Amino acid sequence: MNTVPSPYDWIESSLATIHRAHWYRSPRIIRGLPGPVVEVEGRSLINFASNDYLGLAGDERLKEAAIATIQTYGTGSTGSRLLSGHRPIHAELESAIATWKGTEDAIVFSSGYLTNLGTITTLVGKRDLIIGDEYNHSSLKNGAKLSGAHIVDYRHADMDDLRDQLQQTRHEYRRCLLLTDSIFSMDGDLCPLPEILEFAEQYSCMVLVDEAHGTGVLGATGAGCVEHFGCSGLPLIQMGTMSKALGSLGGYVAGSAQLTDFLRNRAATWIYTTGLSPADTAAALAAIEVIQAEPQRREWLWLRVAQLKDAIAQLPQVQTGEWRLLPSDSPIVCLQMQNPEMVLKVSQQLLENGIYAPAIRPPTVPTSRIRISLMATHQPKDIEQLVRVLHCLHKMGR
Ligand SMILES: *Cc1c(COP(=O)(O)O)cnc(C)c1O
């Protein structure tokens, strides 16, 4: 028997640790078109796991736009944007985003994650300070780490804590960047943007707001939380993704022309990566057109959100305090439970009853929860079915 230890042995024991903590995860294959009902492992399930809030990822108009663009420009961008990968469709999309967001310009990256990594590392460095919400998305946190700036977290949405951190640390650094999700991706609540912008002015800080879950969902025209709060036109950096309500792929930054110009010259994750594919670019552009032409999609979405929240509040498990409905201002509605085993069990029971709603556990979030995300294309009966099954789990003593 070979007893020489392999330098890769640690992977096996690390995986075992993940299993023991009930943190182990693996992807499930989903077949067919995206939508409120999907096929998972041979079964038809009501889908409460999608970020496709407006039901556009399977929309004919987006598919047709992508196909037509492939006919014109082919499948790959063939190079970085500064070399051979810049196509007319990229410029059209950037201009559509800027118009929608009410900014001078916009720049499109190949993913939302890359957008945050590239933008944050371009804006701040070793002599600078980043102060961010403790619940910020992984891409904001890792962008902050990669920048080399001094990083301070404030307690979730806690403006007293933000003020204290600014008072204590701001003067020791050159530039300061405040980072926040607009809608928090694993909780569904909204950042206090107007207060954050006031502090930014008072303490001379830049602000980057991540509208991944706000774009297409919040505000009179669906432009996001910045529009929702009436903060359009104020100095701030709006980033977001085309991968959620826009039903496509890619990320963007919308802001001043100087900002986007600077990013085109300095953001490594834009300069040294291949341009977003023509098909993804065209689908995102078509989505923006549909979102503006069909405000009723947001109305349907918010009706479903109200229906679900009302029904969940009536659940016996919520009334007794065993489960907790986390505060939400969005189509992301979370049911917090005691431990990872419990959410896994509930998620499994839902699955057995034709409902797909994932268990979200540490280390992704501090407390275990069932995360339900709604779509404009869910039917009232889909939500009734979800609530009926949750109600039954109570009778079964779970
Ligand atoms: C999904 C998400 C991202 C990353 O966007 P991708 O386009 O999927 O890479 C960034 N920030 C937040 C808050 C997100 O939820």
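Counting convention: from 1, in listed order, for ligands and their atoms alike. Keep in mind that this is a model prediction, so the values were computed, not measured.
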Aromatic plane relationship, His86 with His90 - under 30° parallel, 30 to 60° tilted, over 60° perpendicular: parallel
Pair Asp189, His156: side-chain N/O donor-acceptor within cut-off below 3.5 Å: yes
For atom 5 (O) of ligand 1, the protein heavy atom that lies nearest, with its residue and separation: Thr241 CG2, 3.1 Å
Min heavy-atom dist Lys244 to ligand 1 below 4.0 Å: yes
Aromatic ring pairing Phe109/Trp270, orientation class (parallel under 30°, perpendicular over 60°, tilted between): perpendicular
Salt-bridge criterion met for Glu384 and Lys381 (N-O under 4.0 Å): no
Atom indices of ligand 1 within 4.0 angstrom of Ser185 heavy atoms, with elements: 15 (O)
Where ligand 1 meets Asp210 - atom numbers and elements under 4.0 angstrom, heavy-atom basis: 10 (C), 11 (N), 12 (C), 13 (C)
His150 and Tyr173 aromatic ring geometry - parallel, tilted or perpendicular at 30°/60° bounds: parallel
Location of contacts on His213 toward ligand 1, heavy atoms closer than 4.0 Å: side chain
Numbered atoms and elements of ligand 1 in range of Tyr113, under 4.0 angstrom, heavy atoms: 4 (C), 5 (O), 6 (P), 9 (O)
Backbone of Arg175 reached by a side-chain donor or acceptor of Asp128 within 3.5 Å: yes
Atoms of ligand 1 close to Ala212 [distance to a heavy atom under 4.0 angstrom, numbered from 1]: 2 (C), 11 (N), 12 (C), 13 (C), 14 (C), 15 (O)
Aromatic ring pairing Tyr24/His19, orientation class (parallel under 30°, perpendicular over 60°, tilted between): parallel
Nearest option to atom 10 (C) of ligand 1, as decided by whichever heavy atom of Ser139, Ser243, Ser110, Gly112 sits closest: Ser139
Atoms of ligand 1, numbered as shown, that sit under 4.0 Å from any heavy atom of Asp181: 13 (C)
